[in-house]
There are 2 protein chains.
Amino acid sequence: MGAQGKGQTAAVEDNPSRPPAPRPPTVTDVARVAGVSTATVSRVLNDIPTVDAKLARRVRTAITKLGYEPSRVARSLRVKRSRVWALVIPELRNPFFTDMISGVEEVARAAGFMLFLCNADSDVDKEASYLRLAVAEHVAGIILSPASQAASARALGTLGTTPVVTVDRRLDAPVDWVGVNNRQGAEMAVHHLADNGYRRIACISGPGDTSTGAARLAGYRRARGARGTDGGPDLVRVGDFDENHGFRAMGQLLRLRPPPDAVFATNNLISLGALRAIDEAGARVPEDIAIVGFDDMPWTSLVKTPLTAVAQPTYDIGRETARLLMSRVEGDAAPPREIMLSPTLVVRGSSSARRSALSQRQR
Amino acid sequence: MGAQGKGQTAAVEDNPSRPPAPRPPTVTDVARVAGVSTATVSRVLNDIPTVDAKLARRVRTAITKLGYEPSRVARSLRVKRSRVWALVIPELRNPFFTDMISGVEEVARAAGFMLFLCNADSDVDKEASYLRLAVAEHVAGIILSPASQAASARALGTLGTTPVVTVDRRLDAPVDWVGVNNRQGAEMAVHHLADNGYRRIACISGPGDTSTGAARLAGYRRARGARGTDGGPDLVRVGDFDENHGFRAMGQLLRLRPPPDAVFATNNLISLGALRAIDEAGARVPEDIAIVGFDDMPWTSLVKTPLTAVAQPTYDIGRETARLLMSRVEGDAAPPREIMLSPTLVVRGSSSARRSALSQRQR
DNA sequence: TTGTATGCGTTATCAA
DNA sequence: TTGATAACGCATACAA
């Protein structure tokens, strides 16, 4: 109900009583008002100590009086480096990345850096295009989670001297990296399933041309090898790190004869899709199929059977990445560093110890 | 292998075999190589038609030969407007906003705009600080989802002529807005619960100084009024739009005597917290308490009792917001516009028709 | 149609 | 310690 606020569209014309040029003040204006040179204003702005306290005060009052705000673009042009980072990630809708970004944002903001958000959409061309834009914007540094191992490493060459820190996904190149021990995380998942009596453990893997996809699959294979579990290569399903792949792969796995008795879902979106497939097939977790995911999410404890998952210190990953980039931006020229954090296994009902076929019948 | 070059202090001069200056090429370089003036290069760059095809070709080959990339910061300084938008949101870890951002990003990238990601962290000071930075960076436009209705409206004044489009959360100011009909969405939720026989319908609301918090609460109250349901003001719990508030409020509601038989959770994080509280209390959905959430998420169909939710066209909201800002950036000076999309109710098990007390006992 | 020259707002170099 | 002045890389008014 109520009236629409649309009324009174009358005087759209320019108001002649408005000051002629609402041009934002510049250093020159500040200098004039403070009665000093622009050089002195600049010195005050940049906290250069060799300036008389009295003059500095005059400058500061002039600044507040005018409501002056230094132009970051003019400064960027002059010093040939902006206080901006580019954040290039493969998928914005994956909560892992947004949590990670939260960590990056915290330290960037504290240091006065703005963040260019670049969503590559898992597309190497979009990624390359964003990287070009980033250098065209004279960003001070780049945080990159590469869409692909091969193509993205090539793109690195075009970046000139801009510092780059990769995160989560590695590159075959001498470049900083922050992330978790993905192979270890995968091994933990599979060993845990084997410990709980599962023998046919499947894996829904991500793309082979991402280091995380490759490492988690490698960990899975290694752990299976160590435990001598059953089943052949058809238990491995490689595809994208998304819900769709999780859904379809899980459907295929459930139709296998014999089907797997457990599955390792290698990221949170794949887990989501796999759970949906299990649900639609009317299968029970873990009686018909156990599942362990990668990435612990707010919803993992709330699904029908709470999900066991390999948890990453996602926010910390973002913070460490930003700190490392910060040191590079400030001139740290040490050889490339790799900061590897540890994943942890959060055990819940989806991987509960398997009952033997006998005891199942006894129920 | 050779001697270290360090000894030869004789030749302090630049190594002649190395290119003297790995300085990125500029318009001047391109102009020199192409044998034209910088003005012509600039014209080619900006697709100004009044340039001879032959010269244009020469320029273009020079550009590719040199690997020239125009400096967006120099251009920004010159034209006093960058091809960058600022995206100011209250909470990066709320998937609603990241989905919305995906939509924004799609149209921004297509138009060659970069995005400054500004996470205000529900803090009006951080928000104000980011808005200042945005103008200091000469952004072409701002997409703002205000942390608070009152404080953020004040901040608008400092923005000068920079176009602003608000999204999701409104402001008490004549400014563009894109979002859904939040009051209607809330009404749908409550009417649905009432239709299914619930009589004591609680509400876990967001902050009163956000338009979405206020509108959803208003819709809840209005629908309750229309249906004449039971219960008093203690059925309404106001707090933050986060999981913690959802968890605590739900716990309090469950301890009420008599407790509510249904609850409306006014955003996805509150739903998460409420479900967790219900779970920990050992209550069943919907037998002990029915629940309807706001925002449909990938996990909503997978929780123990699939969640009925008011769904928003989140991605579209982002796209529409970006399109509106684009038109403003291109000079559209029409009066402020409001684009209101419609929410839809996705019905699942968490709000199934209530069984009477009698039939419940009969089970 | 093309070129010359100037300025965007800042910082850095050099003299004073 | 301070100030005049020259860039930074680009776009444009004006002249040719």
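Reminder, nothing fancy here: chain letters follow the sequence lines and each chain counts from 1.
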Could you list all N or O pairs between the protein and nucleotides 3-6 of chain D that sit under 3.5 Å apart?
from	atom 1	to	atom 2	distance (Å)
D/dG3	OP2	A/Ser37	N	3.2
D/dG3	OP2	A/Ser37	OG	3.3
D/dG3	OP2	A/Thr40	OG1	2.6
D/dG3	N7	A/Arg43	NH1	3.4
D/dG3	N7	A/Arg43	NH2	3.3
D/dG3	O6	A/Arg43	NH2	2.7

Under the 3.5 angstrom rule, does the side chain of B/Thr61 hit a backbone N or O of B/Arg57 as a donor-acceptor pair?
-> yes
For B/Arg72 and D/dA11, what is the distance between atoms CZ and C1' respectively, to the nearest whole Å?
-> 16 Å
What is the distance, rounded to the nearest whole Å, between atom CG of A/Asp52 and atom P of D/dT2?
-> 5 Å
What integer distance in Å separates B/Arg58:CZ from C/dT2:P?
-> 9 Å
Nearest-nucleotide wise, let me know which of B/His138 and B/Pro49 is further upstream toward the 5' end of DNA chain C.
-> B/Pro49
Please give the angle, rounded to 10 degrees, between the axes at the start and the end of the helix from C/dT1-D/dA16 to C/dA16-D/dT1, where five pairs define each axis.
-> 40°
Look at B/Asp121 together with B/Arg93 and state whether they make a salt bridge at an N to O cut-off of under 4.0 Å.
-> no
Residues B/Arg23, B/Asp29: salt bridge by 4.0 Å N-O rule | yes
So what does B/Ser42 touch, heavy atoms closer than 4.0 Å: a base, only the sugar-phosphate, or nothing?
-> base
Quickly work out the B/Asp29 CG to D/dG9 C1' distance and round it to whole Å.
-> 10 Å
Taken to the nearest whole Å, NZ/A/Lys80 to P/D/dA7 is 13 Å
What is the nucleic acid contact for B/Val79, judged by heavy atoms within less than 4.0 Å: base, sugar-phosphate only, or nothing?
-> sugar-phosphate
